[in-house]
**Q** 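After the structure tokens below, expect a handful of questions from me.
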Amino acid sequence: LPVTAPERLFQVDWPVPAFDRGAAPSHPYPVFESIRDSGVFDGIAAGGPSLSRVLVIEEGVVPESRQIYFVDRDFFATLGVQAAHGRTFVEDEDRRGAPVVAVLSDHYWRSVFNADPNVLGRSVTVGGTLATIVGVLPRGFRGLHLSEAPDFYVPLHAVADIDQGLPPGLDPFGLGFSWIRIVGRLRPAETAAAVTQGINALDCMCGRELTNGEVRPLSLTNVNIAAV
């Protein structure tokens, strides 16, 4: 992956056998908060795709179906991915009620906006919500799971406003809904084994699954392996 020091980036995995990994592991929002606030990682890149493709109005009035990815404020900083044009997200934009902003993938920028350098500051309507374009990502970055390649990214807390696939009444920030993928960066002197032990010692219902009454711990998978 075109990220900084990928050997120190690890995906927080489900406690499931390797042959049963049909999808990227996801966790409830409170689990992400607990792991983030514990400081077991040097930084966390958390996010998740929209449950269904979202209708986006770009240039004109005809909605197009697009793949959106919701990310926390530290997502790009943790990965070491910088915008090729403009910027990525700042802390105040990843909160409930904040004006929605968007960072475009390079492919989306080229295919929809014809690589227009003046795209920054323009708006798109995402699931009925107006979003201001603040940045464009570098050409090589296609996300953390190569089968997905999101069209563009919006802050994590915008999910309740623009994800049209959410069932009515479902709280995306509660324990009852697993949708957030967690990637953490190890500190230079730390090992994956030590951080794994630290995560599973947290009292946060860290996605441990009960199988025949057995509590199974979470594990870590390097991002380059998880990507494919």
**Q** Quick check against the 3.5 Å criterion: does Asp106 have a side-chain atom that pairs as donor or acceptor with the backbone of Gly140?
**A** no
**Q** Relative to each other, are the rings of Tyr69 and Phe75 parallel, tilted or perpendicular (30° and 60° limits)?
**A** tilted
**Q** Side chains of residues 116-128: which donor-acceptor pairs under 3.5 Å do they make with residues two or more places apart or in other chains?
**A**
unit_1	atom_1	unit_2	atom_2	d
Asp116	OD1	Asn118	N	2.9
Asp116	OD2	Arg122	NH1	3.0
Arg122	NH2	Glu59	OE2	2.0

**Q** What are the two closest heavy atoms between His145 and Ala226, and how far apart are they?
**A** CD2-O, 3.4 Å
**Q** Taking all non-hydrogen atoms of both residues into account, name the closest pair between Arg66 and Val112 and its distance.
**A** NH2-CG2, 3.4 Å
**Q** Using 0.5 Å steps for rounding, measure from the OH atom of Tyr153 to the CD atom of Gln67.
**A** 9.5 Å
**Q** Tell me whether Arg185 contacts the main-chain N or O of Gly43 through its side chain, where contact means a donor paired with an acceptor under 3.5 Å.
**A** no
**Q** So for atom CD, which belongs to Gln82, do other residues, nucleotides or ligands contribute more than 12 heavy atoms lying within a distance under 6.0 Å?
**A** no
**Q** Are the side chains of Thr78 and Val183 in touch, meaning some heavy atoms are under 4.5 Å apart?
**A** no
**Q** On the 0 to 90° scale, with breaks at 30° and 60°, tag the Tyr108-Phe113 ring pair as parallel, tilted or perpendicular.
**A** perpendicular
**Q** Over 60° means perpendicular and under 30° means parallel, so classify the ring planes of Phe141 and Phe76, tilted if in between.
**A** perpendicular
**Q** Are any side-chain N or O atoms of Asp13 and backbone N or O atoms of Leu218, one a donor and one an acceptor, separated by less than 3.5 Å?
**A** no
**Q** Any sub-3.5 Å donor-acceptor pair from Asp72's side-chain atoms to Gly47's backbone N or O?
**A** no
**Q** Can you confirm whether Val81 sits close enough to Pro2 that some side-chain heavy atom of one is under 4.5 Å from a side-chain heavy atom of the other?
**A** no
**Q** Partners of Arg36 by side chain to side chain contact (heavy atoms under 4.5 Å, CB included), sequence neighbours excluded?
**A** Tyr29, Phe32, Glu33, Ile44, Arg73
**Q** Quick check: is Val103 connected to Phe70 through a chain of hydrophobic side chains (ILVMFWY, heavy atoms under 4.5 Å apart)?
**A** no
**Q** Please evaluate residues Ile180 and Val31 with respect to the criterion side chain to side chain contact (heavy atoms under 4.5 Å, CB included), reporting the C-alpha separation (whole Å), side-chain torsions for both, the decisive distance (0.1 Å), and the verdict.
**A** CA-CA 9 Å; Ile180 294 181; Val31 170; over 6 Å; no
